[in-house]
Amino acid sequence: MTANKGKGRPYIKGNTDLISTIIYFFFASLFFIWICTTFRNVVHMDMIQIIHTKVKHLFDGSLSINDFIYQPLFPTFISICFTFLNAKAFHLNTVIESVLGATFLAALGYKYMYEMQKFTGGRYTQYLFSLIISVIVFGLYKWEANFTSFFSFAVFFTLFICVFSWFFVMKYISNGLYLYKWYHLLLFIIANLIVISENPAYFYSYIISLIVVLVLVRIFYITNVDSRRWKIILIISVILLVLTGIVTGVLSKHPSYSHYSSTLSIFSFFKALYQSPLWMIKFYLIANTGPFIGEADSFLNMRALIGLIIIAAYVMAIYLVIKKKDYRLVIPLAMILYNIFSYAFVMMGRYNFNILEFGASSRYTAFNMSGVLGLSTILFVYAIETKEKVGKTLAVWVLALIVIGNLYVTFKQIRISPYRTEA
């Protein structure tokens, strides 16, 4: 095996300690309690409209292949199978999908903390890092995604596989550090195919961000890589991207899903972008504020300005990682790119609703907590390592604002939760 000669070092194994684990799972416990005490007050009409027909077919014995697919960009195949299991075993009187989704959310957050905490300084700064990660992962700015029946499972199941895949790829391409077998690569492919069967709309964002990171790592020598493994992963990623396009293209042409076809027209999107560029830009900027300060319903111009600042922070974080060739922060870099691309797909799919603040809805912020995690990690590492007082102060203040914003939205949602029945 050969290695590229760069300044970066191989990606190394993570770890975390007992106190950090206790902090994290304390927040996880509160999150599960909130779900189990709140779900009865929440009804999501999209889920009712799709579930009642499928469940009817389940019980009258007329199931078809269409009943196992939600729509072209969101087949949610495995999630719907869980819904059928729920219907058969519990007559839909349990929240098995929501609880399993929350379990995957807790698992992906712990995996991220476990892998990244070794880069966050000494014992007490690691405790602080675990606290920040816990606030972000279990923040209720994404409350709607927790209660959308089978889709709540699909969202966090998809993110779970994406996060694990990012870490696998970085370790797999590291020169000689991990002795992976052929079946590990096979499991990676299978996991990605599962994501395609669940959420190809968000798989696009994940696989594009992975390809971009692979290219950046090679161009800027951010870390030493095994050239052969790097090429294998890049080729597989490109094939998966093409396959995703084929799957969604075939499904969108099926007569059962013709009413979704308009949202898949790239020509229509670029036509709308040409006709109303400022509106589109404003939509995108407002959408990016969702994971930081919750859903938008007023002060949209101010929200757009905040969104512009957030995008600038993302760009600066990406620049820092590339400039410093910091191999430790490649995964946070990938997560920021995922956020940037996924909100672009949200805009492409939802601009035709003509609602400026629609992209900041809590159903979308679940996926895009990735950007908040990535940015917070880069800022945290920079704040504890830099000797520049201005840079350190700015990083600390931005981190503080992220945490305050997440806590504000979380407490707001806790107060609202008992009254959702009225809506």
Side-chain angles (χ1 to χ4, degrees), residues 8 11 73 108-109 111-112 115-116 136 155-174 188-189 191-196 198-220 222-223 225 229-245 248 284 287-288 290-291 310-311 313-322 325-349 359 364-378:
Y11 207 87
L73 285 175
L108 75 89
K111 170 69 173 177
Y112 184 79
E115 295 286 355
M116 300 308 302
I136 294 172
V155 167
F156 298 123
F157 179 62
T158 299
L159 275 176
F160 169 82
I161 294 179
C162 289
V163 169
F164 271 71
S165 294
W166 273 317
F167 283 112
F168 167 81
V169 168
M170 284 309 302
K171 293 176 181 179
Y172 181 82
I173 66 174
S174 293
F188 165 77
I189 296 172
N192 279 259
L193 291 176
I194 290 174
V195 176
I196 295 173
E198 283 290 296
N199 278 298
Y202 287 96
F203 185 82
Y204 281 121
S205 309
Y206 150 74
I207 202 67
I208 291 173
S209 68
L210 179 57
I211 292 171
V212 171
V213 166
L214 286 171
V215 173
L216 291 176
V217 163
R218 192 65 178 265
I219 291 176
F220 296 101
I222 297 176
T223 185
V225 299
R229 289 182 175 182
W230 181 88
K231 290 176 182 177
I232 290 173
I233 287 292
L234 182 63
I235 292 171
I236 290 174
S237 299
V238 171
I239 292 174
L240 288 170
L241 177 60
V242 173
L243 177 62
T244 309
T248 53
Y284 185 80
N288 271 277
I310 291 169
I311 294 297
Y314 283 150
V315 172
M316 180 58 67
I318 294 171
Y319 171 77
L320 284 173
V321 175
I322 294 176
K325 302 184 186 299
D326 199 334
Y327 75 100
R328 304 170 302 170
L329 300 176
V330 172
I331 301 299
L333 168 63
M335 296 180 79
I336 289 175
L337 290 172
Y338 175 84
N339 179 96
I340 291 172
F341 292 132
S342 60
Y343 267 128
F345 281 104
V346 168
M347 181 171 65
M348 290 176 66
Y364 305 120
T365 56
F367 278 103
N368 296 290
M369 71 175 180
S370 63
V372 193
L373 284 171
L375 178 61
S376 299
T377 304
I378 293 171

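You'll find the side chain of Ile336 reaches within 4.5 Å of the side chain of Ile378, heavy atoms only. Looking at Phe367 and Thr158, their side chains come closer than 4.5 Å, going by heavy atoms from C-beta outward. Contact of the Ser165 side chain with the Leu210 side chain is not registered, since no non-hydrogen atoms from C-beta on lie closer than 4.5 Å. Taking 4.5 Å as the limit, some side-chain heavy atom of Glu115 sits within range of a side-chain heavy atom of Lys171. A 4.5 Å side-chain heavy-atom check between Tyr112 and Pro332 finds at least one atom pair inside the cut-off. Looking at heavy atoms from C-beta onward, Ile207 lies in side-chain contact with Asn192 at the 4.5 angstrom threshold. No side-chain heavy atom of Leu241 sits under 4.5 Å from any side-chain heavy atom of Phe203. Under the 4.5 Å side-chain criterion, counting only non-hydrogen atoms from C-beta, Thr223 is not in contact with Arg328.
No side-chain donor-acceptor contact under 3.5 Å links Tyr364 and Ser342. A donor-acceptor pair shorter than 3.5 Å can be found between the side chains of Asn288 and Asn339.
Thr377 and Leu373 make their closest contact through OG1-O, 2.7 Å (heavy atoms, listed as atom of the first residue, atom of the second, distance). Taking both residues in full, the closest heavy atoms of Val372 and Pro291 are given as CG2-CB, 3.4 Å, listed atom of the first, atom of the second, then distance. For Phe220 against Lys325, the heavy-atom pair with the smallest separation is O-NZ, 2.8 Å. Nearest heavy-atom pair across Gly290 and Thr365 is C-CG2, 3.4 Å. Nearest heavy-atom pair across Leu159 and Ala366 is CD1-O, 3.3 Å. Taking both residues in full, the closest heavy atoms of Val346 and Gly359 are given as CG1-CA, 4.1 Å, listed atom of the first, atom of the second, then distance.
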For Leu214 and Val225, what are the C-alpha separation, side-chain angles and deciding distance, and is it a side-chain contact (heavy atoms from CB on, under 4.5 Å)?
-> CA-CA 10 Å; Leu214 286 171; Val225 299; over 6 Å; no
Give the C-alpha distance, both sets of side-chain angles, the deciding distance and a yes or no for side-chain contact (heavy atoms from CB on, under 4.5 Å) between Leu337 and Ile208.
-> CA-CA 9 Å; Leu337 290 172; Ile208 291 173; over 6 Å; no
Show your reasoning for whether side-chain contact (heavy atoms from CB on, under 4.5 Å) applies to Tyr284 and Ile311.
-> CA-CA 10 Å; Tyr284 185 80; Ile311 294 297; 3.8 Å; yes
For Leu234 and Arg218, what are the C-alpha separation, side-chain angles and deciding distance, and is it a side-chain contact (heavy atoms from CB on, under 4.5 Å)?
-> CA-CA 11 Å; Leu234 182 63; Arg218 192 65 178 265; over 6 Å; no
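Here the OG-CZ distance, from Ser237 to Phe188, works out to 5.0 Å after rounding to the nearest 0.5 Å. Taking CD1 of Ile194 as the reference point, atom CG of Asn199 lies at 13.0 Å (rounded to 0.5 Å). Here the straight-line distance linking atom CG of Leu333 with atom CG of Leu216 works out to 6.0 Å at 0.5 Å rounding. To the nearest 0.5 Å, the span separating CE on Met335 from OG on Ser376 amounts to 10.0 Å.
Every residue meeting the side-chain contact (heavy atoms from CB on, under 4.5 Å) condition with Ala201, not counting sequence neighbours, appears here in chain and number order: Leu73, Phe74. Applying the ring pair (Phe, Tyr, Trp, His ring centres under 6.0 Å) criterion to Phe164, with sequence neighbours excluded, gives Phe160.
Taking the six-membered ring for Trp and the full ring otherwise, the centers of Tyr204 and Phe345 sit less than 6.0 Å from each other.
A side chain to side chain contact (heavy atoms under 4.5 Å, CB included) with Ile236 holds for exactly one of Leu240, Ile239, Val238; it is Leu240.
Using cut-offs of 30° and 60° for the angle between ring planes, the Tyr338 and Trp166 rings count as perpendicular.
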Check residues 314-321 and write down every donor-acceptor pair under 3.5 Å in which the side-chain atom is one partner and the other belongs to a residue at least two apart or another chain.
none

